[in-house]
Peer 1: 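Please find one structure pasted underneath; my questions will follow.
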Amino acid sequence: MKSLIYANGDHMPAFGLGTWKSAPGEVKKAIIEAIKLGYRHIDCAAIYQNENEVGEGLRECIKDGIVTREDLRITSKLWNNAHKKEDVRPAIEKTLSDLKLSYIDLYLVHWPVAFRKDITFPVNTEEYLSLGEVTLEETWSAMQKLQKEALTKHIGVSNFSITKLQRLVDLGNQKPEMNQIELHPYLQQQELIDFCKNNGIHVTAYSPLGSIDRPESMKKDGEPAPLENKTIKRIAAVHEASPAQILIAWALQRGISVIPKSTNPKRLKENFEAQKIVLSESEMAQIAALDEHTRIIDGSFFTAPEKGYTKEMLWE
Ligand code: A2P
């Protein structure tokens, strides 16, 4: 199992389980199945609205002696409506209570976008807070406090561009230890990965299989589907593997963490076994050539120009 190593020597398995879109009624079973298969890294978030059921699965596995808490690496994320300094601690406390844990291993600022406290998903501009009203620095300082208080072992961000990461690095104190971003062959983000590597920031790939189960409102006609790509399918045939396994192996071989989501026992096993696949240099190069710089999660659902949120500003 490949691991990522933090500056203090802590390890995290590079391969993990995604839980975005895992239905509350299915995710407990999936967590138990995954842990039995050997998964030790689980990626969660408050906004996935299933942390309570994820926590039931974790509790059962620990109670039954399948794993200890220390064997697991659990990630969660601060939602956009809790960026103000006084809201950050209550947010992690809710997540800890849902997950039924006394600490998490990695806590991420989910998006560089802020909402009013009472808003889960804004429907008008007034429901956003601009990054002038609540700065990324304010939120980051509150995240550092959580780490000092040992509510989370490590802290990081998600969906952050080089410019936004640089702002936090320039503060000169604890920098983000992780940036979780969309990564698959159609969106390879090599420059951002290089920036992270040069600054000691680990990278996790979300939507590594193309998130075909995302809500209809997040789909557009003609969007690429990595699982259907001909090159990926051809390489899969050579390895007697599935396209999903090749996408996972490719991510791991780039030295990053990858968190494919499944709630299906057969696919959970298939994905876990992808860790054994080794791609040749030529195969890595063929996949590198597929980049189209195309986002599946383009952030257009966070549009409020008067508050400073446009698709362009999000990623710049
Ligand atoms: P399911 O949960 O039914 O297995 P992503 O991780 O990019 O968000 O993609 C998740 C989607 O990919 C889900 O629809 C999931 O379905 C599906 N999926 C997960 N593993 C595989 C696999 N090995 N082969 C095909 N589809 C998969």
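Start at 1 and go down the list; that is how both ligands and their atoms are numbered.
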Peer 1: Can you name the residues that come within less than 4.0 Å of ligand 1, going by heavy atoms only?
Peer 2: Lys21, Ser207, Pro208, Leu209, Gly210, Ser211, Ile212, Asp213, Leu227, Ala244, Pro260, Lys261, Ser262, Thr263, Asn264, Arg267, Glu270, Asn271
Peer 1: Within a strict 4.5 Å, meaning less than it, do heavy atoms of the Met143 and Tyr107 side chains meet?
Peer 2: yes
Peer 1: Would you call the rings of Trp111 and Phe301 parallel, tilted or perpendicular, taking 30° and 60° as the class edges?
Peer 2: perpendicular
Peer 1: May I ask you to check whether Trp20 and Tyr206 place their ring centers less than 6.0 Å from one another?
Peer 2: no
Peer 1: Between the main-chain N or O of Leu72 and the side-chain N or O of Arg69, is there a donor-acceptor pair closer than 3.5 Å?
Peer 2: yes
Peer 1: Kindly say whether the aromatic ring centers of Trp79 and Phe115 come within a distance under 6.0 Å.
Peer 2: yes
Peer 1: Is a salt bridge present between Glu56 and Arg59, judged by a nitrogen-to-oxygen distance below 4.0 Å?
Peer 2: no
